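Please read all numbers here as calculations on a predicted model, not as lab measurements. Heavy-atom basis, side chains included; hydrogens, waters and symmetry copies ignored.
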Amino acid sequence: MSPVTLLPFIVLIGAMFLMTRSAKKKQQQAADMRNQMQPGSGVRTIGGMYATVKEVSDDTVLLDAGPGVELLFAKNSIGAVLTDDEYNRIVHGIEHDLKSDSAVVPDDASSLTDSADVDETADEAAAASDEKSVDLGKKDQPVETEEQAAAPEDRQAEADEEPKKTDGDSDAKK
């Protein structure tokens with residue numbers, strides 16, 4: 001056999017080897033993640049339920065899903081072990097306080113000036129913006145008179161008087 005005929009088989013075997021190798025890596029990472037679970041950790045099951053780990057044994061995990069709700073799951077059914085911040089954000093809606101970590105960015109540039117009247121000018125600007133009304137363009141339209149308002153009814157009456165088009169069956173001569 002020539003090497004040219006063996007080349008497709010070699011490529012196929014190499015691809016299968018690489019695919020199984022990456023799958024084994026993913027399985028190993030998932031197993032390591034499940035082994036790192038500790039009581040008090042927040043987890044997400046493969047079914048999408050969020051709970052807190054209460055006890056961990058060799059093959060099972062006891063989860064606390066709420067007040068008085070304890071569920072026994074297989075370790076393989078844990079989809080992800082979440083960080084405390086992520087678990088609190090998803091389950092309790094508690095956002096991490098980012099304001100203490102970084103500088104506050106002002107909403108407008110007036111606070112960046114060195115003038116002593118910064119607070120007064122900001123208050124004046126806010127008051128001025130509240131006083132301005134938004135023009136929606138309705139003032140430019142002419143007001144309809146009573147005759148123009150009645151015109152759509154007249155148009156409807158005229159349309160009723162005209163012969164209506166039919167499919168041709170009822171008025172057709174035979």
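- Interatomic distance, Gln27 CD to Ser22 OG, rounded to the nearest 0.5 Å: 10.0 Å.
- Following chains of ILVMFWY side-chain contacts shorter than 4.5 Å, one can reach Leu63 starting from Val81, so the two form part of one hydrophobic cluster.
- Here the side chain of Arg44 pairs no donor or acceptor atom with the backbone of Leu82 at under 3.5 angstrom.
- Closest approach of Met49 and Ala65 over heavy atoms only: SD-CB, 4.3 Å.
- Taken to the nearest 0.5 Å, the CZ atom of Phe17 stands 6.5 Å off from the OG1 atom of Thr20.
- Cluster membership check: Val53 shares its hydrophobic cluster with Met33, using side-chain heavy-atom separations under 4.5 Å among Ile, Leu, Val, Met, Phe, Trp and Tyr.
- The salt bridge (charged side-chain N to carboxylate O under 4.0 Å, His left out) test applied to Glu86 returns no partner, not counting sequence neighbours.
- For Ser57, the side-chain hydrogen bond (donor to acceptor under 3.5 Å, both in side chains) partners are Thr60, not counting sequence neighbours.
- Counting heavy atoms from C-beta outward, Arg34 and Val56 have side chains that stay 4.5 Å or more apart.
- Applying the side chain to side chain contact (heavy atoms under 4.5 Å, CB included) criterion to Leu6, with sequence neighbours excluded, gives Met1, Ile10.
- A distance of 4.5 Å separates CG in Asn35 from NZ in Lys75, rounded to the nearest 0.5 Å.
- Linking ILVMFWY side-chain heavy atoms closer than 4.5 Å, directly or via other members, places Val43 and Ile46 in two distinct hydrophobic clusters.
- Summarising the geometry of Val69 relative to Asp64, their closest heavy-atom pair is O-OD1, 3.2 Å, with the distance given to 0.1 Å.
- Closest of all the heavy-atom pairs between Val61 and Met37 is CG2-CE, 3.5 Å.
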Check the pair Asp32, Gln28 against side chain to side chain donor-acceptor pair (under 3.5 Å), reporting the backbone distance first and the verdict last.
-> CA-CA 6 Å; Asp32 291 343; Gln28 185 63 36; 3.1 Å; yes
